[in-house]
Amino acid sequence: MSIRVDKISRTFGDTVALSQVSFTVGPGITGLLGHNGAGKSTLLSLLAGYSSPDEGTVRILDGDPRTDRALHRRVGVVPDGQGLWSHLTAREAVTALAKLRDVRHPGQAAAAALDEVGLTEAADRRLGQYSKGMGQRAKLAQALVHNPDVLLLDEPLNGLDPAQRRHMIDVVSNRAAHGCTVLVSSHVLHEVERMAPQVVVLVNGRVVAEGETSGIKALLRDRPQTVRVTLAGDPRPLASALAGAVSTQAIRVSDNRVEVDTLNPEALGLALSQAAAASGTTLRSIEPVGDDLESLYAYLTARARGAAR
């Protein structure tokens with residue numbers, strides 16, 4: 001395995017950022033999925049060697065990224081946030097990174113990396129003039145210029161438009177297809193699904209699930225989901241019309257709202273439309289409740305204790 005994390009913990013004052021986190025990652029793309037504040041950036045910082053865990057061990061290619069300087073010639077990092085030298089052009093910055101990593105022909109390598117991420121025409125503009133999306137691509141070029149064996153990508157799709165996202169995913173996927181190990185973080189499941197066949201789910205500093213991305217999606221589908229419906233008037237006629245629907249498990253009424261628990265949101269959508277027409281009810285909004293990773297964590301915890309359906 002290219003990446004090994006064994007029972008690491010990291011605290012900042014009274015805040016526990018990571019607690020007893022363990023997993024391994026091999027060649028290909030693995031997603032690190034978690035809500036904002038889950039500990040993803042802290043974990044990637046430890047893997048990059050920027051800091052050390054309070055407990056446990058981190059190994060990249062069997063070396064300690066904190067003490068083994070030679071590892072940094074084999075690892076590429078796209079950090080969260082800006083992470084750019086705004087006074088340099090993209091060509092200057094990427095070339096400087098190539099020189100720091102002892103690339104034999106740094107100018108040629110920088111030109112190739114900038115072309116790979118689609119920045120050839122903007123290569124001689126200062127990074128301080130770049131948009132957020134262009135900055136993300138420049139950071140990726142910096143991470144790729146020395147042809148690393150391991151890529152650590154922290155929310156790399158932030159700030160990219162749909163075309164840029166597709167191109168970024170293609171670049172990363174191509175590197176993985178040629179043997180690179182990629183660990184990419186995101187708080188959006190469908191983003192990770194487009195890139196990564198494997199995923200580690202991190203919530204509140206703990207690993208709550210890992211395995212095939214399709215299995216995580218199935219877990220989300222299999223747990224009960226709550227849909228909140230806001231109405232223009234009395235919610236009771238709609239609740240009565242929904243009571244016999246196969247897609248409903250439980251119904252709660254309060255003020256001008258109806259909350260429905262279901263295992264089949266698609267079927268519930270059709271039932272809502274029919275119930276609204278039958279009861280003469282005007283629907284103002286329909287929204288999921290608890291459709292996030294923290295809710296998934298709560299569900300997993302409850303299920304492990306035998307308290308969930």
Side-chain angles (χ1 to χ4, degrees), residues 31-36 38 155 157-158 160-166 169 184 186-204 208-309:
L32 180 61
L33 185 65
H35 60 89
N36 291 326
E155 302 275 3
L157 301 182
N158 278 354
L160 301 181
D161 63 33
Q164 292 170 343
R165 285 174 180 238
R166 285 194 298 272
I169 291 171
V184 53
S186 177
H187 62 280
V188 182
L189 177 58
H190 70 79
E191 285 187 353
V192 171
E193 181 189 12
R194 292 176 63 186
M195 289 185 284
Q198 301 289 324
V199 67
V200 176
V201 182
L202 190 67
V203 179
N204 297 336
V208 299
E210 59 181 307
E212 294 185 1
T213 308
S214 58
I216 301 301
K217 283 197 69 179
L219 186 62
L220 285 167
R221 286 195 302 268
D222 290 344
R223 72 187 177 107
Q225 298 180 50
T226 301
V227 175
R228 178 184 295 142
V229 184
T230 303
L231 315 173
D234 187 351
R236 288 174 295 181
L238 178 70
S240 297
L242 281 173
V246 175
S247 57
T248 61
Q249 288 193 311
I251 300 174
R252 294 175 295 279
V253 177
S254 63
D255 298 327
N256 63 334
R257 293 176 177 174
V258 174
E259 286 192 355
V260 184
D261 294 340
T262 182
L263 286 173
N264 192 335
E266 291 80 8
L268 177 62
L270 178 60
L272 274 172
S273 177
Q274 295 172 343
S279 61
T281 303
T282 300
L283 306 182
R284 295 293 190 195
S285 67
I286 302 173
E287 58 184 341
V289 178
D291 189 19
D292 54 42
L293 292 169
E294 290 189 81
S295 297
L296 174 59
Y297 172 67
Y299 172 66
L300 288 169
T301 303
R303 191 177 70 169
R305 294 172 179 169
R309 286 190 297 271

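- Atom CZ of Arg236 has 12 or fewer neighbouring heavy atoms from other residues, nucleotides or ligands inside a 6.0 Å radius.
- Checking side-chain atoms of Thr213 against main-chain N and O of Ala196 turns up a donor-acceptor pair under 3.5 Å.
- Within the 4.5 Å cutoff, side-chain heavy atoms of Leu231 are placed close to those of Leu283.
- Residue Leu202 holds its CG atom at 7.5 Å from NE2 of His35, rounded to the nearest 0.5 Å.
- Side chains of Arg252 and Arg257 form no contact here, defined as non-hydrogen atoms less than 4.5 Å apart.
- Here the closest non-hydrogen pair linking Val203 and Ala38 is CA-CB, 4.2 Å.
- Residues Val192 and Val184 fail the side-chain proximity criterion, which asks for heavy atoms closer than 4.5 Å.
- Taking all atoms of both residues into account, the shortest heavy-atom contact from Val260 to Val258 is CG2-CG1, 3.8 Å.
- Note that CG of Leu270 is 8.0 Å distant from OG of Ser247, once rounded to the nearest 0.5 Å.
- In this structure a side-chain-to-backbone donor-acceptor pair under 3.5 Å is present from Asp161 to Ala163.
- Between Val253 and Pro235 the shortest heavy-atom distance is CG1-CG, 3.4 Å.
- Taking CG of Asp255 as the reference point, atom OG1 of Thr230 lies at 10.0 Å (rounded to 0.5 Å).
- Checked against side chain to side chain contact (heavy atoms under 4.5 Å, CB included), Glu191 has the following partners two or more places apart in sequence or in another chain: Leu157, Arg165, Ser186, Val188.
- The line from CG of Leu33 to CD of Glu210 is 12.5 Å long, rounded to the nearest 0.5 Å.
- Considering CD1 of Ile286 and CG of Leu268, their distance stands at 8.0 Å, rounded to 0.5 Å.
- Note: Leu238 CG to Ile251 CD1 = 8.0 Å, rounded to the nearest 0.5 Å.
- Asp261 places a side-chain heavy atom less than 4.5 Å from the side chain of Thr226.
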